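In this text the structure is predicted, and so the values were computed from the model without any measurement. Atoms within each ligand, like the ligands themselves, are counted from 1 in listed order. All values below come from the heavy atoms of this structure, side chains included, with hydrogens, waters and symmetry mates left out. We count residues from 1, following the sequence as given.
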Amino acid sequence: MTELMLALDVLTRAEAMDIAEKTHPYIDAIKIGYPLVLGSGLSVARDLSEFDLPLIADFKVADIPNTNRLIAEHVFEAGFSGIITQGFTGRDSVSACVDVAHSAGGKCYVVTEMSHPGALDFMGEGIAERLAALAVECNADGIIAPATRPERVKALREIIGKKKILSPGVGAQGGSAEEIAPLIDSMIVGRSIYNSEDPAKAAQSYSFIRN
Ligand code: XMP
């Protein structure tokens, strides 16, 4: 079974609550990041917790260890259950996020290779493998890897074993749900659900991955 994680990148609390209300029976987790938190405040995390789903903070944290720790503490105090961090900042910065996450009973995921075309300018083959190995070394719970490049996901799976792969890029970015779902643990989908005329139906259309 592959989980479906809704990337809720709408800009207001009202829109976020409306889409979550419509889609929550068909999804396994919600991911929010700068678009919604800058638009509505960090307290939106508490409002979304009413849906009783894991809530992941996608801030792609990328700072020195002390600042990463301060950011991660805010995230878990706000009610999130997981955090996404960049890995290129190195082992001490990644460990700071992992330590705070695990102390709070939460999870930490490390970005390896991003899903958009420009990701290959700096983060492609070789670098992504090193970032995946760093995620293992730092005892992170998993990685973020691109649904737009299934062959790269397979290569990164070799490195991380049974740790989780969360994968964005299906739908608006062109990735295929059918192709990527068997390779990953959680498929992250945003625009093709929340921009749909009928978000519940759009979320439900991915239910085949959850069986
Ligand atoms: P869409 O609308 O393209 O949304 O379905 C995808 C969501 O995932 C985020 N995203 C990424 N996050 N590494 C990440 O950590 C990535 O490679 C990546 N690609 C997309 C994006 O911000 C949106 O929330």
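Checked by atom type, the side-chain pair H102/D141 shows a donor-acceptor distance below 3.5 Å.
The single protein non-hydrogen atom nearest to atom 21 (C) of ligand 1 is K31 NZ, 4.1 Å, given as residue, atom name and distance. The shortest contact between atom 6 (C) of ligand 1 and any protein heavy atom is with Q173 NE2, 3.9 Å. Closest to atom 23 (C) of ligand 1 among all protein heavy atoms lies D9 OD2, 3.1 Å. Atom 19 (N) of ligand 1 has S115 OG, 2.5 Å as its closest protein atom, hydrogens excluded (heavy atom only).
Scanning both residues, L4 and A203, for their nearest heavy atoms gives CD2-O, 3.7 Å.
Taking all heavy atoms of P168, A119, G190 into account, the minimum distance to atom 8 (O) of ligand 1 is reached by P168. Evaluated by nearest non-hydrogen atom to atom 22 (O) of ligand 1, the leading choice among K60, R149, H116 is K60. Within the set I143, V170, I144, the minimum heavy-atom distance to atom 13 (N) of ligand 1 is found for I144.
Salt-bridge annotation for E129 and R152: present, with a side-chain N of the basic residue lying under 4.0 Å from a carboxylate O of the acidic one.
Environment of CZ in R130: sparse, with no more than 12 heavy atoms of neighbouring residues, nucleotides or ligands closer than 6.0 Å.
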Test log, rule salt bridge (Lys or Arg N to Asp or Glu O under 4.0 Å), inputs D185 and R157: CA-CA 11 Å; D185 301 282; R157 171 65 83 194; 2.9 Å; yes
Verify side-chain hydrogen bond (donor to acceptor under 3.5 Å, both in side chains) between Q86 and T89, making sure each step is shown before the conclusion. CA-CA 7 Å; Q86 291 286 7; T89 47; over 6 Å; no
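For the pair T148 (side chain) and S115 (backbone), a donor-acceptor distance under 3.5 Å is present.
Residue contact check: V111 has heavy atoms under 4.0 Å from atoms 15 (O) of ligand 1. Counting the atoms of ligand 1 from 1 in the order shown, those under 4.0 Å from a heavy atom of A7 are 7 (C), 24 (O). Which parts of ligand 1 touch R191 is read off a 4.0 Å heavy-atom cut-off, strictly below it: atoms 1 (P), 2 (O), 3 (O), 5 (O).
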